[in-house]
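So that the names make sense, note that chain A is the first sequence line, chain B the second, and so on, each numbered from 1.
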There are 2 protein chains.
Amino acid sequence: MTLEEAIKSSKFKDQRHKALIHIMYAAYQVKTNINQLLKNYALTGEQYNVLRILKGSHPTPLCVKDIAVRLIERNSNVPRIADRLEIKKLVKRFPSPEDRRETLIQITPAGINLLDAATQAMEAEHQHIANLTEDEAAQLNQLLAQMLQD
Amino acid sequence: MTLEEAIKSSKFKDQRHKALIHIMYAAYQVKTNINQLLKNYALTGEQYNVLRILKGSHPTPLCVKDIAVRLIERNSNVPRIADRLEIKKLVKRFPSPEDRRETLIQITPAGINLLDAATQAMEAEHQHIANLTEDEAAQLNQLLAQMLQD
DNA sequence: TATAATTACATGTACATACATATAATGTTC
DNA sequence: GAACATTATATGTATGTACATGTAATTATA
């Protein structure tokens, strides 16, 4: 479905205006796709992202703020996402011995297993979503980087 | 800030994978910018979108589902967004005489005034966000359309 | 070193999303 | 036209975002 069909409108001021709407629409489609896939693993997108970040540093645990700065959506409430992962025993949480203000969070073996399964499915999905050649994707990345500069 | 700096990672499988993350990051930046601007008008992004859709059909009111299909984020809960707009007297709501299951929603003069002021500020912001020429924006739109096809 | 400022996290509230379910009105089918 | 299916909206719950505030620990400074 094209953007115009999707939102039943073609009243864009110019190409730049359309691009902003288009980006938000594309992101929504990508996220919706990913969330659907993750439902098979009883994970939300943000829970998946936090697990992925934790596995990246495993076995070293990370404190809340170090997880937060690695998330795309910076205002995500990491303590509450961690609550839900902890209930499912996908992470464990303990106070930092070095700085007792910090809570360290570590992915559990169960968390790694679930993440690995979800990631495998995700990669297949990614191939399917991004209907672009590598050259085209590189071009898209260049344009997005330029758009966001400074 | 580049994507890599923003999420402190450069571990992308390929350009297509990076493009998916990049789109979500760009959309987040655009939305955050817009939401900041709209705070000056005590509106959220979704409230603004609903008002814009209602003004598009004004003075003809729209029912809940006709608003929903015009929103980018299709699962938005239009009745509850309408609740908040109604409290602020930016819209009024009444049952449809033709189909009493439907609730018709119409933007008020106060709603139009607020929307117009917000839209003027928004257009200035849009110019500022999208650091692209018209040709580049057109290219970006073409790539996004291709990515999303079927 | 005592006090002040900062930092890290948790938590409360308002709003939004995602999805299930309830209810009333309309449409369909026999 | 009665029974059933469908549609439109509302509402409940879990999750997440955005932001303000509270509390404890650490750091800075007088």
From CD1 of A:Ile87 over to P of D:dG16, roughly how many Å is that when rounded to an integer?
11 Å
Roughly how many Å is it from CG in A:Leu85 to C1' in D:dG16, rounded to a whole number?
13 Å
Could you check which of C:dT11, D:dT11, C:dA8 has an atom nearest any side-chain atom of B:Pro79?
D:dT11
If each of B:Lys88 and B:Glu98 is mapped to the nucleotide of DNA chain C with the nearest heavy atom, which maps nearer the 5' terminus, i.e. the 5' end?
B:Lys88
Quickly work out the A:Asp99 CG to C:dT7 P distance and round it to whole Å.
12 Å
Is there side-chain contact between A:Val30 and B:Met147, with at least one heavy-atom pair below 4.5 Å?
yes
Interatomic distance, A:Leu38 CG vs C:dA18 P [rounded to whole Å]:
13 Å
Hey, does the side-chain of B:Arg100 have a donor or acceptor N/O within less than 3.5 Å of a partner on the base of D:dT7?
no
I want to check one thing: is the phosphate of C:dC19, taken as OP1 and OP2, less than 4.0 Å away from some side-chain N or O of A:Gln36?
yes
Testing D:dC19, C:dA18, D:dT17 for proximity to the side chain of B:Arg80, the answer is C:dA18
Using heavy-atom distances to pick each residue's nearest nucleotide on DNA chain C, tell me which of A:Val78 and A:Thr32 is more 5'.
A:Val78
Looking at C:dA18, I'd like to know if its phosphate oxygens (OP1 or OP2) sit under 4.0 Å from a side-chain N or O belonging to A:Thr44.
no
Would you mind listing every ring-ring contact (aromatic ring centres under 6.0 Å, His included) that reaches into residues 31-84 of chain B, with sequence neighbours excluded?
none
Using a cut-off of 6.0 Å, state whether more than 12 heavy atoms not belonging to B:Lys88 lie near its atom NZ.
yes
Proximity to the side chain of B:Tyr28 - top-ranked nucleotide from D:dA18, D:dT17, D:dA10:
D:dA18
So, OP1 or OP2 of D:dA8: does either fall under 4.0 Å of a side-chain N or O from B:Thr103?
no
Can you establish whether the number of heavy atoms outside B:Gln149 located under 6.0 Å from its atom CD is more than 12?
yes
Looking only at the side chain of A:Arg84 (C-beta and beyond, no hydrogens), which of the listed nucleotides C:dC15, D:dT15, C:dA18 gets closest?
D:dT15
What residues from residues 53-76 of chain A pass a heavy-atom cutoff of under 4.0 Å to DNA chain D?
A:Glu73, A:Asn75, A:Ser76
Distance criterion of 3.5 Å, no angle test: do you see the side chain of A:Arg101 paired donor-to-acceptor with the base of C:dT7?
yes
If you only use heavy atoms from C-beta on, which nucleotide in D:dA10, D:dA18, C:dT17 is closest to the side chain of B:Ile81?
C:dT17
Within the 4.0 Å heavy-atom criterion, would you say B:Asn77 contacts the bases, only the backbone, or no part of the nucleic acid?
base
Just the rounded figure in Å: distance from C1' of C:dA14 to CD of B:Gln47.
10 Å
Using a 4.0 Å heavy-atom cut-off across all strands, classify A:Lys39 as base, sugar-phosphate, or nothing.
sugar-phosphate
Separation of C:dA18 atom C1' from A:Lys31 atom NZ, nearest Å, is 12 Å
Between C:dC19 atom P and A:Asn35 atom CG, what is the distance in whole Å?
8 Å
Measure the shortest side-chain to side-chain distance between A:Arg74 and A:Val69 over non-hydrogen atoms and say whether it is less than 4.5 angstrom.
yes
Taking 4.0 angstrom as the limit, do A:Asp66 and B:Lys8 come out as a salt bridge?
no
Indicate yes or no: does B:Glu4 engage B:Lys18 in a salt bridge with an N to O separation below 4.0 Å.
yes
Distance, rounded to the nearest Å, where B:Arg93 contributes CZ and D:dT9 contributes P:
11 Å
Electrostatic pair A:Lys31:A:Glu73 at N-O distance under 4.0 angstrom:
yes
